[in-house]
Amino acid sequence: MSGHDRRNRPQGLSTRAIHLGYDPADHEGALTPPIFMTSTFAFETAEAGAEMFRGERAGYIYGRTKNPTQTILEERMASLEGGEAAMATASGMGAISSVMLSLLNPGDEALIDHTVYGNTFAYFTQALTRFGIVVKLADFTRPETVAEQIGEKTKVVFFETPANPNLRVIDIAGIAHIAAKVGALVVVDNTFATPVLQRPLELGADVVIHSGTKYLGGHGDLLSGIVVGTADIVKQARQTGLRWMTGATLSPFNCFLLLRGLKTLEIRLERHSASGLAVARMLEKHPKIATISYPGLATFPQHDLAKRQMSAFGGLIAFELDGGIDMSMALMNRLKLVTRAVSLGDTETLIQHPASMTHAIYGAEERARHGISDGLLRLSVGLENVDDILDDLEQALDAL
Ligand SMILES: *Cc1c(COP(=O)(O)O)cnc(C)c1O
């Protein structure tokens, strides 16, 4: 690349994650964005306040809908995902509910993949349905079943890829193509991949959702959510969803923590992905492992699709032992470094048992149908030295 080309190309992802939307010169030279710990904002004049309420003047009014620390975070996330606008929320569930409550009306249909985070599954099948919204399920790894279930009433199509907890990978461009025929909006939960590994909007999705609690924050010390999409959709989600219906605003302090997490997102995902692959390769060869799902393994059923749509494969692995649920529990209890905990994407390596924990809300029969076996374990490979992670897993497996 010549010097001229280098100067004209867009800034890289880490550079934007560190600098975009903030100039120290505007804030007494402070290198790090200040935390605007205020609930409300003073109007210069009574008329200025009224103009802001009428949308005729830019500015901050009240912390439920907008705060300057939050604005920096939102501009950065919009840029990282390649969207026009973003909205920060108090949790991933706050992001999903703020979007769905602003997009869906009674009588509308939402079509969702049958493998999603347990509380997302409950939100669609047990909560939204109380308000006259029809929720249909399909196996999104088979686009023909999506084409069969989708119709004129389908307003929203929702899925995760890779999906929680079993890492199924869904063809974002393929689903977006089917949804476009009926004008349904495609909402993708990009929590497992993050914009470092996968950018759904570039593949035809309309909205990206994150649980920022996971990789974006990355340190297991906050809950948060993010919505990215067109300016229109995000404005609607903020006005109707966040302002009136959920009130799920992210506190300025947590915006600051999330901004801090974003600065290292790319280098963390590089390490998570390298260690994830090393751990997956060790597990795949171990005689006590019955099945393993990691999109980066050549034996993964959708490995080719994963390679097309992701730049690397992250730190999440799902696996089963050859001794069912009892052996899974025994393995968890023998681990010394790997921590028994739900959540994921943290610096610490975490292990959990979906059937009794994150996906307990699914019925046993539903779980079986959705590929979440009773013995399945979900491992989130952290940032410790990979040899220590491998040693701990091997000592626990060998002792079984
Ligand atoms: C954790 C999680 C959520 C929910 O996010 P919270 O921040 O816990 O509310 C949504 N989707 C996925 C894929 C998740 O892992």
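All ligand and atom numbering here is 1-based and tracks the order in the structure. Throughout, numbering of the chain's residues begins at 1 and tracks the sequence. These numbers were taken from a predicted model, which means no experiment stands behind them.
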Task: Nearest non-hydrogen protein atom, atom 11 (N) of ligand 1 - done: Asp189 OD2, 2.7 Å
Open item on the list: Closer than 4.0 Å to some heavy atom of Ser224 - which atoms of ligand 1 meet that?
Closed with: 7 (O)
Task: Whether His114 side chain and Glu366 backbone form a donor-acceptor pair below 3.5 Å - done: no
Task: No-hydrogen, no-angle side-chain donor-acceptor test under 3.5 Å, Thr141 and Gln302 - done: no
Task: atom 7 (O) of ligand 1: the protein heavy-atom neighbour that sits closest, reported with distance to 0.1 Å - done: Thr213 OG1, 2.6 Å
- [ ] Run the numbers for me: atoms of ligand 1, each under 4.0 Å from some heavy atom of Asn164, listed by number.
- [x] 14 (C), 15 (O)
Open item on the list: Set out, in order, the CA-CA distance, both residues' side-chain angles and the distance that settles ring pair (Phe, Tyr, Trp, His ring centres under 6.0 Å) for His359 and Phe121, then state yes or no.
Closed with: CA-CA 9 Å; His359 291 68; Phe121 183 74; 8.7 Å; no
TODO: Using a 4.0 Å heavy-atom cut-off, say whether Ser343 meets ligand 1 through its side chain, its backbone, both or neither.
DONE: neither
Open item on the list: Hydrogens and angles aside, do Glu348 and Thr339 bring a side-chain donor and acceptor to less than 3.5 Å of each other?
Closed with: no
TODO: Using a 4.0 Å heavy-atom cut-off, say whether Met93 meets ligand 1 through its side chain, its backbone, both or neither.
DONE: both
TODO: Look at atom CD of Glu44 and say whether more than 12 heavy atoms of other residues, nucleotides or ligands are closer to it than 6.0 Å.
DONE: no
Open item on the list: Ignoring hydrogens and geometry beyond distance, is a side-chain donor-acceptor pair present between Glu81 and His210 at under 3.5 Å?
Closed with: yes
TODO: Dump the intermediate steps for side chain to side chain donor-acceptor pair (under 3.5 Å) on Thr230 and Asp232, then the final yes or no.
DONE: CA-CA 5 Å; Thr230 61; Asp232 272 357; 5.7 Å; no
TODO: Below 4.0 angstrom from a heavy atom of Gly92, which ligand 1 atoms are there? Numbered from 1 as shown, please.
DONE: 5 (O), 6 (P), 7 (O), 9 (O)
TODO: Provide, to 0.1 Å, the distance between atom 3 (C) of ligand 1 and the closest protein heavy atom, together with that atom's residue and name.
DONE: Tyr117 CD2, 3.4 Å
Open item on the list: Regarding atom 15 (O) of ligand 1: of the candidates His210, Glu160, Lys214, which has the closest heavy atom?
Closed with: Lys214
Open item on the list: Out of all atoms in ligand 1, which are within 4.0 Å of some heavy atom of Ser91? Include the element for each.
Closed with: 7 (O), 9 (O)
